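Quick notes on the structure that follows.
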There are 2 protein chains.
Amino acid sequence: MGDGGYELLWGAKTRPARGRPPALSRERIVAEALAIADAEGLQQVSMKHLAERLGSGVMSLYRHVPGKDELVALMYDATMTDPPRLPEGEGWRAAMTAWALAVRDLFHAHPWALALATANHAMGPGEARWLDTALGVFEAEGLPAEICLAAVMAVNGYVGGAVRPEIQGQDDPHWFRFLQHESAREDYPHVYRLVAENSFTVPTVDVFGFGLERVLDGLERYIEDHR
Amino acid sequence: MGDGGYELLWGAKTRPARGRPPALSRERIVAEALAIADAEGLQQVSMKHLAERLGSGVMSLYRHVPGKDELVALMYDATMTDPPRLPEGEGWRAAMTAWALAVRDLFHAHPWALALATANHAMGPGEARWLDTALGVFEAEGLPAEICLAAVMAVNGYVGGAVRPEIQGQDDPHWFRFLQHESAREDYPHVYRLVAENSFTVPTVDVFGFGLERVLDGLERYIEDHR
DNA sequence: ACCTGAACACCGTTCAAGT
DNA sequence: ACCTGAACACCGTTCAAGT
């Protein structure tokens, strides 16, 4: 996909409903692929497996989608079809908190999408709407556009990075297993202390929330200073 | 890899140098794979291609590495063999700024590693040392261990997320191409304004730095309040 | 015992044969 | 013209044949 799937993401969606609707459609293919990824992981989304689920031949898929890469791009954008609902009239901070949590929910619902978020891709209509929503929050504060973008990037960047350990922590007991090594105590003294205090295995702090509050605090200070 | 490559990452590294050193070694395999990934992308790292580069048979690789997944885990950790050098005696903020920029440099040098950072994996010795370095910065401020972890996660999370558009922006002119659409102005008014002001195509703000300063501001406020 | 080629079970996709 | 099976060029890995 030379254009990063751009044409496909933004092209005409549906043809006029004339005659019998075809058994296969791009919407149905993407929806089924998304269901497979959610349930079995992205790696299980093969053209063959997908075709079986849809009760069609493998090659029939290529009638509606140019290739695997473009399908994945469509899947990714499809996770963001519903724009987040933000509280209105409660200020930018409440709105951005809701936005950040919505992004987090998104990655929890579709863990496979997190790796894609870091991959090269054209922006689809879904992602564009999510971005636009967040930009609007800061623009309402009267900030210049480029500062709005930087602010959104700060929040979005934080969320994307902070969600990772949450997702993988669930089924990965090996994360800190290296501390059982003899040399661990001297090689990684600070990590060792962290675990020794048992504060990692039984976290008493909402790590995600703590970081988010710091990011928002930092933005708040900037906004107040530049009002 | 049932243990996420843990045993391999932390197992004995080298056997005693007796007799002629074998032509192939895990270190050499990982180093060559890393070179391929840096130059041609992670997708070009196939066992066959890698074997050709090393002048060996494909199956010979499996003498030193259990499989592809474990190889990738070793490659990822190999990007972090050199722990970052942080300024000492200039306070936590200077140190964490250096740490954050070092992480950013890492992903710029190995763009393929960014997607892996979001994937499930066991922590290797390299990543552990980087984490330990950052934890030490906050521990020196006398913060409880769990707060230190949350603070590092905030910075690391931000960097990981904010680096993404930097990396992909270079060779992706399609990112905002959707704005050429007729309906874009009303569908995405805030994004439209952003581009209309030309502030995106010719950014006058260091987006990465701006966000980082906000995150550090937020942490600074917390640290001062809890001193 | 050590090493490694041939064979296997996949993968996405091309292409031409079918209707 | 539309659809799709067989064939192709890959992929990682098993297994047994080689030394």
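For clarity, every value in this text was computed on a predicted model and none was experimentally measured.
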On a heavy-atom basis, which atom in A:P83 and which in A:W130 lie closest, and how many Å separate them?
CA-NE1, 3.7 Å
Integer-rounded Å distance: D:dC2 P and A:R63 CZ
7 Å
To the nearest angstrom, the CG-P distance between A:L24 and D:dC2 comes to 16 Å
Considering only C:dG12, D:dA6, C:dT4, which nucleotide approaches the side chain of A:M59 most closely?
D:dA6
The correct list of stems in which DNA chain D takes part (3 or more consecutive Watson-Crick or G-U pairs, distances under 3.5 Å) is C:4-8 with D:12-16, C:12-16 with D:4-8
Just how far, in rounded Å, is C1' of D:dG12 from CD1 of B:I29?
15 Å
For residues B:L24 and B:R63, determine if any side-chain heavy atom of one lies less than 4.5 Å from a side-chain heavy atom of the other.
no
With the side chain counted from C-beta on, respond yes when A:L71 and A:L50 share a heavy-atom pair under 4.5 Å apart, and no when they do not.
yes
Side chains of A:V207 and A:E166: closer than 4.5 Å at any heavy-atom pair?
no
Whole-Å distance separating the CG atom of B:L42 from the C1' atom of D:dC11:
14 Å
Any residue of residues 43-57 of chain A with a heavy atom less than 4.0 Å from an atom of DNA chain C:
A:V45, A:S46, A:M47, A:K48
Taking atom CG of B:L61 and atom CE of B:M47, what is their separation to the nearest 0.5 Å?
5.0 Å
Round to a whole Å and report the spacing from CG of A:L61 to P of C:dT13.
11 Å
Side-chain contact test, heavy atoms from C-beta onward, threshold under 4.5 Å: evaluate it for B:P165 versus B:F208 and give yes or no.
no
What residues form a ring-ring contact (aromatic ring centres under 6.0 Å, His included) with B:F210, not counting sequence neighbours?
A:Y222
C:dT14 P sits how many Å from A:Y62 OH, rounded?
7 Å
Return the nearest nucleotide to the side chain of B:K68; candidates are D:dT14, D:dC3, D:dG12.
D:dG12
Distance-only side-chain donor-acceptor flag, A:H49 / A:Q44, under 3.5 Å
no
Could you check A:W112 against A:T79 for side chain to side chain contact (heavy atoms under 4.5 Å, CB included), going step by step and ending with a plain yes or no?
CA-CA 11 Å; A:W112 51 271; A:T79 64; 3.7 Å; yes
